[in-house]
Amino acid sequence: MKIGIIGGTGGMGKGFALRWCENHDVIIGSRESPKAEEAAREYSELAQKEYVSFKGKISGKDNTSVAKESDVLVLSIPYENIDAICSQLLPHVRDNCTVISPIVPLIKTDLGFEFISFKDKKPSAFELVQKHMRNKSRLVSAFHTISEKKLVDPKLVLDSDIFVCGDAEDSINIVRQLITEIKNLRPILLGPGSLSYLAEVATPILLNAMIKNKMKNPGIKII
């Protein structure tokens, strides 16, 4: 598959690229193609050092090109930028492209990390993204609680559960496959996309627990 990552020059994009290039072609997206190409070269060099061989390749292009070419598109962008970015890019996505939203409506206050959808009565990230999609059933919510600092180091075993919400069975299965390709990650299906807020709210819960209990980059595991 061709996996495109919007916001691919950030930590999450780097981590996904290094983890998935073993089996897939990864396209790093940025507003400026030179920046994406530079990141792709860096990630490719890291992958060559990490793996004896890998099947895929890592390339970089502007966001619009990435949206047009991808079989799977990951939106590694802030909640507050959803409307501006998705209104421009998602109309270019093919109808059979699976779009993954790991986005969390999150804000840091004096109390700790709070969930914007509850605090300010705003839509979930899933709802905001979905309104810009032509084929709305192809949106899947996942990867909200994964540790970025652990993700970027392929040597680390993550050993966590990843909550998944979506409406199209084939898109859900694609995301579950990508989750299991990262060693020791396990997909946990929560339900349809309308329940995505349950997966999203797990992030501020996890961050507050981490800070208050002095934990280091924790994940979630259901036992």
Side-chain angles (χ1 to χ4, degrees), residues 1-5 7-8 10-26 43 47 50-51 54-56 70-76 97-106 113 115 124-126 129-130 137-211 213 215-223:
M1 292 187 294
K2 287 186 178 180
I3 304 174
I5 306 173
M12 291 288 285
K14 180 179 180 179
F16 284 136
L18 292 175
R19 300 279 183 163
W20 285 332
C21 71
E22 280 194 278
N23 299 306
H24 308 283
D25 291 340
V26 179
Y43 302 167
E50 181 64 32
Y51 307 114
F54 51 97
K55 299 175 185 176
S70 298
D71 300 312
V72 175
L73 187 68
V74 182
L75 301 174
S76 183
C97 174
T98 294
V99 177
I100 302 176
S101 171
I103 307 167
V104 177
L106 191 67
F113 286 96
F115 192 57
S124 69
F126 185 94
V129 173
Q130 193 177 50
S137 68
R138 305 294 293 191
L139 178 60
V140 178
S141 186
F143 295 109
H144 305 94
T145 57
I146 197 166
S147 167
E148 178 181 311
K149 292 183 178 179
K150 290 182 177 179
L151 186 67
V152 296
D153 186 353
K155 296 184 182 68
L156 293 179
V157 176
L158 299 175
D159 194 23
S160 298
D161 290 333
I162 301 297
F163 296 132
V164 179
C165 295
D167 299 310
E169 185 175 355
D170 53 345
S171 284
I172 291 170
N173 288 338
I174 287 170
V175 175
R176 293 172 79 170
Q177 174 195 331
L178 290 174
I179 291 170
T180 57
E181 286 180 14
I182 300 176
K183 188 176 180 181
N184 277 37
L185 286 190
R186 182 178 65 166
I188 300 293
L189 185 62
L190 289 187
S194 60
L195 295 182
S196 179
Y197 69 92
L198 294 175
E200 295 174 19
V201 78
T203 301
I205 292 172
L206 187 62
L207 288 173
N208 287 326
M210 177 184 74
I211 292 170
N213 297 277
M215 299 173 177
K216 189 175 181 180
N217 304 320
I220 289 179
K221 187 79 173 177
I222 297 177
I223 57 174

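Note that these values count all heavy atoms, side chains included, but never hydrogens, waters or copies made by symmetry.
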Got a donor-acceptor contact below 3.5 angstrom from the Asn208 side chain to the Phe113 backbone?
yes

Do Phe143 and Trp20 have ring centroids that are under 6.0 Å from one another?
yes

One pair to check against side-chain contact (heavy atoms from CB on, under 4.5 Å): Arg186 and Ile222. What are the steps and the verdict?
CA-CA 10 Å; Arg186 182 178 65 166; Ile222 297 177; 4.0 Å; yes

Side-chain contact, heavy-atom cut-off 4.5 Å: Arg138 with Val99?
no

Can you tell if the side chain of Thr180 reaches within under 4.5 Å of the side chain of Leu185, non-hydrogen atoms only?
no

Mind checking the NZ-CG spacing from Lys221 to Asp159? Nearest 0.5 Å is all I need.
4.5 Å

Indicate yes or no: at least one non-hydrogen side-chain atom of Phe126 is less than 4.5 angstrom from one of Cys165.
no

Atom CZ of Arg176 and atom OG of Ser171: how far apart are they, to the nearest 0.5 Å?
13.0 Å

Report yes if some heavy atom in the side chain of Ile3 is under 4.5 Å from a heavy atom in the side chain of Phe16; otherwise report no.
no

Rounded distance (nearest 0.5 Å) linking atom CG of Leu190 with atom CG of Leu198:
6.5 Å

Check this for me, if you would: do Glu50 and Lys155 make a salt bridge, where the nitrogen-to-carboxylate-oxygen distance has to be below 4.0 angstrom?
yes

Hey, does the side chain of Ser70 reach the backbone of Gly4 with a donor-acceptor pair shorter than 3.5 angstrom?
yes

Please check: side-chain N/O of Asn184 versus main-chain N/O of Leu158, any donor-acceptor pairing under 3.5 Å?
no

Pairwise side-chain contact, Leu207 with Leu106, heavy-atom cut-off 4.5 Å (strictly under)
yes

Would you check if Val152 and Arg19 make a side-chain contact, meaning some heavy-atom pair closer than 4.5 Å?
no

Verdict with reasoning, Ile188 to Ile162, per side-chain contact (heavy atoms from CB on, under 4.5 Å):
CA-CA 6 Å; Ile188 300 293; Ile162 301 297; over 6 Å; no

Backbone of Ala125 reached by a side-chain donor or acceptor of Glu200 within 3.5 Å
yes

Side-chain (Ser76) to main-chain (Met12) donor-acceptor, under 3.5 angstrom:
no

Nearest 0.5 Å please: distance from the CD atom of Glu148 over to the CG atom of Asp153.
13.0 Å

Taking it one step at a time, do Leu178 and His24 satisfy side-chain contact (heavy atoms from CB on, under 4.5 Å)?
CA-CA 10 Å; Leu178 290 174; His24 308 283; 3.8 Å; yes

Within a strict 4.5 Å, meaning less than it, do heavy atoms of the Ser160 and Thr145 side chains meet?
no

So do the side chains of Ser101 and Val140 get within less than 4.5 Å of each other, counting heavy atoms only?
no

Any sub-3.5 Å donor-acceptor pair from Lys14's side-chain atoms to Gly8's backbone N or O?
no

Does the side-chain contact (heavy atoms from CB on, under 4.5 Å) test come out yes or no for Val175 and Ile100, once each step is laid out?
CA-CA 8 Å; Val175 175; Ile100 302 176; 3.8 Å; yes

Can you measure from CD1 (Ile103) to OG1 (Thr203) and round to the nearest 0.5 angstrom?
11.5 Å

For Leu18, is there any backbone N or O sitting under 3.5 Å from a side-chain donor or acceptor partner on Tyr51?
yes

Lys/Arg N to Asp/Glu carboxylate O, Asp71 vs Lys2, below 4.0 Å
no

